[in-house]
There are 2 protein chains.
Amino acid sequence: MGRIKTNNNASRKDIILQKAAILFKEKGFKAASMRELAEVVGVEAASLYNHIKSKNELLHEICFSVANKYNEKLEQIESMDASALKKIEELLRFHIISMVQNFDEVFVSDREWKYLTDPYLSNFQTQRRTYRKRFAAIIEDGIKKKEIKKIDATTAVLIMLHAISGIESWHRSKQKISGAELEENMITILVGGLKK
Amino acid sequence: MGRIKTNNNASRKDIILQKAAILFKEKGFKAASMRELAEVVGVEAASLYNHIKSKNELLHEICFSVANKYNEKLEQIESMDASALKKIEELLRFHIISMVQNFDEVFVSDREWKYLTDPYLSNFQTQRRTYRKRFAAIIEDGIKKKEIKKIDATTAVLIMLHAISGIESWHRSKQKISGAELEENMITILVGGLKK
DNA sequence: AAAATACACTAACAAACGTTTGCTTAAAAG
DNA sequence: CTTTTAAGCAAACGTTTGTTAGTGTATTTT
């Protein structure tokens, strides 16, 4: 068949990871086969194993790559000197932009993580729980400072994060508004729903 | 092993459907096997086929059962004599309550429909698209009547529906607020985000 | 009580799966 | 140019998958 073409500084493994994210997004992790992935990459299935250890490795590299980016951003925002509402807006914008620009891997991380195997599965779940608690803490801080309505912070986090994962529908839709417009609309509704 | 126990007026097929919804929700449609389903039902895998035609039949019965309920409710709400905001609130409450009470089948319909096969798949997608358009029309009506902020109605629908599917996290969480509290919080944030 | 139906079982099927082995060839390093 | 390494291939492996066929046994109907 010929070799996998490598662009710039992307290794062959990077190419496989990128194609895997697209495939897992479209078919779901369990339904996507290594033979399908191989075809998309332009190679026989067996050849993939010169670059990766297993199908599961692909999934957990995708999931943790996304999780790490979110954790870094959260850390940065927590140390910002700004109002709670401003922090939430900043975090939401980051989520929205990630979802718009890195749709494949973000979607997979969001929807297919349950097929991770231990110890990655437990690790991921713990990180996820922690992330949400820290997000909720920012909201609770905003309630204490009377910037935000008296609501259950956990529920608010749940709404925000899942609303963002709805950008999936925006991606699939035909006549769509621009990414920037989408971002503004989402911020208006979501932050507007919190404001006192 | 002995026969499948039938409660009240539930047929053996109903029992299988109910257990299938739980299994598909937990493992995902593709990852759930007929042998696992059989074990949960308390029977050998082959015996399931005395009651059902195929694994796919289970999925599409679950998906369309849910879709039908939503369509009926939407129809009823459209013919109500009330403000747009009130209609939206009513529809959201219905979604939230369904998600809380019939979690298994609603979740499966929401997340696993892509494994439907044609003609069911196309049919389902069309119904889904239509449903969202009609929901968006209510929002647009509210904007015209100045009850609702000037926002993109399609984006608002996307946020609402996906926020609701986030009740999944509420189900999985340990220390959770009551279903009624959850409902009030969600309405506050979501409807609050629309109000002018 | 006899006949018919409903339902469960064991055994097996063909297909698809992730992955390994052993070999060949193209590219990189010396 | 020669050697070494990287990366491709075909073939096969042991499982698991959804499903069917054939048979026996309860339950229901007559």
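It should be emphasised that the depicted structure is a prediction, and the values quoted were computed from it without experimental measurement. Here is the naming used below: chain letters follow the sequence lines, and residue numbers restart at 1 for every chain.
- Classification of A/Glu89 and A/Arg93 as a salt-bridged pair holds, one side-chain N sitting under 4.0 Å from a carboxylate O.
- A/Ser98 and A/Asn102 share no donor-acceptor pair across their side chains, judged by distance under 3.5 Å alone.
- In this structure, A/His51 has no ring-ring contact (aromatic ring centres under 6.0 Å, His included) partners at least two apart in sequence or on a different chain.
- Straight-line distance from the CD1 atom of A/Ile16 to the C1' atom of D/dA7: 10 Å, rounded to whole Å.
- Looking at residues 49-63 of chain B, you'll see B/Asn50, B/His51 sit with a heavy atom under 4.0 Å from some atom of DNA chain C.
- At a threshold of 4.0 Å, the pair B/Lys87-B/Glu147 does not count as salt-bridged, since none of the basic side-chain nitrogens sits closer than that to a carboxylate oxygen.
- Electrostatic pairing of A/Glu168 and A/Arg172 counts as a salt bridge here, judged by a charged N lying under 4.0 Å from a carboxylate O.
- Nucleotide D/dT16 holds its P atom 18 Å from the CG atom of B/Leu37, rounded to whole Å.
- Nucleotide D/dA7 holds its P atom 6 Å from the CZ atom of A/Arg3, rounded to whole Å.
- Taking atom CD of B/Glu36 as the reference point, atom C1' of D/dT19 lies 17 Å away to the nearest angstrom.
- Atom OH in A/Tyr115 sits roughly 14 Å away from atom P in C/dG18 (whole-Å rounding).
- Considering only side-chain atoms of A/Val43, the nucleotide from C/dT19, C/dC9, D/dG8 that sits closest is D/dG8.
- Near DNA chain C, defined here as any heavy-atom distance below 4.0 Å, the residues from residues 23-35 of chain A are A/Ala32, A/Ser33, A/Met34, A/Arg35, listed numerically.
- Residues A/Lys114 and B/Glu26 are not in side-chain contact: their nearest non-hydrogen atoms beyond the backbone lie 4.5 Å or more apart.
- Closest to the side chain of B/Ala46, out of D/dC9, D/dA7, C/dC9, is C/dC9.
- Remark: C1' of C/dT21 and CG of A/Leu48 are 16 Å apart, rounded to the nearest angstrom.
- The pair B/Glu39-B/Lys19 does not meet the salt-bridge criterion, since no charged nitrogen lies less than 4.0 angstrom from a carboxylate oxygen.
- Using a 30° and 60° split on the angle between ring planes, A/His95 and A/Phe135 fall in the parallel class, below 30°.
- Look at CD1 on A/Ile4: it is 9 Å from C1' on D/dG8, rounded to the nearest Å.
- Between B/Arg128 and B/Trp113, the closest side-chain pair of non-hydrogen atoms falls below 4.5 Å.
- Between B/Arg12 and the phosphate of C/dC7, there is a side-chain N or O to OP1/OP2 separation shorter than 4.0 Å.
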